[in-house]
Amino acid sequence: MPELPEVETVRRGLQLLIVGKQVISETHDWPKGWPNSDDDVAQFLLGATITAVRRRAKVLLLDFDSGYTLVTHLKMTGQLVYRGDEVFGAGHPNDSLVGPLPDRSTRVTLEFRDGSKLFFNDQRKFGWMKLYPTIEVETIDFMQKVGPEPLEDDFTAEAFRERFRRRARTSIKAALLDQTVVAGVGNIYADESLWGARIDPRRLVAQVSDQEFALLFHELRAVMNLAIEKGGSTDRNYVDAEGKKGSYMDFARVFRREGQACPRCGAAIDKIKHAGRGTHLCAQCQS
DNA sequence: CACTTGACCTGTCCGC
DNA sequence: TGCGGACAGGTCAAGT
């Protein structure tokens with residue numbers, strides 16, 4: 001669920017809300033999702049001030065002036081929600097999916113000196129947070145292997161196509177979801193961009209032409225940029241840093257629209273199982 | 001090495 | 001209404 005556009009939306013929100021705040025306490029209820037020792041917390045987190053909020057692929061990076069970075073992966077149902085006087089009781093209650101915090105899915109709470117708090121909620125407990133020395137973040141296995149950022153200005157259609165070379169014998173959808181090929185693509189934007197490029201998700205990478213790769217590259221970037229503009233996709237429980245929903249699902253062309261008319265040709269949209277995932281496509285105009 | 005499947009979890013929905 | 005099972009889908013480990 002949280003894919004690149006959702007994580008980027010959270011990052012932008014947190015950038016405005018928590019940079020400059022000093023942590024005074026930390027609590028957690030899920031040791032697996034918080035592997036740091038109490039000693040590490042006391043030494044590198046308590047008393048430290050947030051200097052920046054960065055993102056790489058679907059990973060959020062909270063930098064502290066202690067020289068440590070809190071690396072966070074939301075996985076499927078993770079949420080990072082800020083509560084403070086700035087937004088408490090304001091905002092847009094109709095857009096909110098999150099009630100009073102903490103609640104039963106709160107895993108980690110950071111309290112800041114001004115009394116505001118950051119809650120890491122995760123219904124399914126797949127997500128995690130871990131402190132690393134900032135200079136070692138790039139040496140983490142995931143960071144070493146993850147592919148290029150699809151929205152970077154200097155990423156080209158040619159470079160995009162080249163990344164798929166070593167996955168020639170698998171399907172284009174499985175390859176798109178492979179984080180070592182390109183960073184940040186998940187199930188929603190894989191289906192949406194393949195529809196945009198008129199490519200059947202099941203087609204083998206080797207059967208995709210250079211021209212189609214160029215189109216797919218363009219569609220993927222367009223879809224992700226639109227999704228960021230709309231604050232991401234709230235399918236089930238994704239929310240931004242203020243606990244509010246994103247509206248990209250109102251603009252989705254195939255995702256979660258099985259049975260509805262394809263906006264391009266009018267045929268009914270199919271939902272199949274492919275690459276271990278629910279997969280949405282228009283069999284009439286994707287080939 | 002390339003590729004696929006199962007595990008990690010819990011809440012929701014569907015059929016009996 | 002209650003209950004079992006399928007399903008949701010990001011990533012890694014284990015298996016083919």
Once you apply the 3.5 Å cut-off to both distances, tell me the Watson-Crick or G-U wobble partner of dC9(B), or none.
none
Once you apply a heavy-atom cut-off of 4.0 Å, does Trp128(A) come out as touching a base, just sugar-phosphate, or nothing?
nothing
Any idea how Phe44(A) and Tyr68(A) line up, ring-wise: parallel (<30°), tilted (30 to 60°), or perpendicular (>60°)?
parallel
What integer distance in Å separates Lys271(A):NZ from dC13(B):P?
13 Å
Select base, sugar-phosphate, or nothing to describe what Tyr189(A) touches, counting heavy atoms under 4.0 Å on all strands.
nothing
Given that both distances must come in under 3.5 Å, which nucleotide forms a Watson-Crick or G-U wobble pair with dG9(C)?
none
Interatomic distance where CG belongs to Asn237(A) and P belongs to dC9(B) [whole Å]:
18 Å
Would you say the side-chain atoms of Thr279(A) and Lys173(A) include a donor-acceptor pair closer than 3.5 Å?
yes
Between Arg203(A) and Glu212(A), is the closest basic N to carboxylate O distance under 4.0 Å?
yes
Phosphate contact (dT4(B) OP1 or OP2) by Thr170(A) side-chain N/O below 4.0 Å
yes
Between P of dG9(C) and CD1 of Ile272(A), the distance in whole Å:
13 Å
Whole-Å gap separating C1' (dT4(B)) and NZ (Lys273(A)):
13 Å
Roughly how far apart, to the nearest Å, are dC3(B) and dG9(C) at atom P?
23 Å
Go nucleotide by nucleotide along DNA chain B from the 5' end; which of Arg236(A) and Trp30(A) gets its closest nucleotide reached first?
Trp30(A)
Between atom CE in Met249(A) and atom P in dA8(C), what is the gap in whole Å?
13 Å
Could you check how far NE2 of His274(A) sits from P of dT5(B), rounded to whole Å?
10 Å
Using nucleotides 10-12 of chain C, report all nitrogen or oxygen pairs with the protein that are shorter than 3.5 Å.
unit_1, atom_1, unit_2, atom_2, d
dG10(C), OP1, Met1(A), N, 2.9
dG10(C), OP2, Asn187(A), N, 3.3
dG10(C), OP2, Arg277(A), NH1, 2.8
dT11(C), OP1, His73(A), NE2, 2.5
dT11(C), OP2, Lys58(A), NZ, 2.9
dT11(C), OP2, Gln179(A), NE2, 3.4

Basic-acidic side-chain contact under 4.0 Å: Glu149(A), Arg55(A):
yes
Would you kindly give the CG-to-P distance between Asp178(A) and dT5(B), to the nearest whole Å?
15 Å
NA contact type, Arg256(A), heavy-atom cut-off 4.0 Å: base, sugar-phosphate, or nothing?
sugar-phosphate
Hey, are Asp178(A) and Arg167(A) close enough for a salt bridge, meaning a charged N less than 4.0 Å from a carboxylate O?
yes
Is a salt bridge present between Arg253(A) and Glu192(A), judged by a nitrogen-to-oxygen distance below 4.0 Å?
yes
Locate the shortest heavy-atom distance separating Arg257(A) from Asp250(A); write the atom from each residue and the value.
NH2-O, 3.5 Å
Take the protein atom CD1 of Ile172(A) and the nucleotide atom C1' of dC3(B), then report the distance between them rounded to whole Å.
15 Å
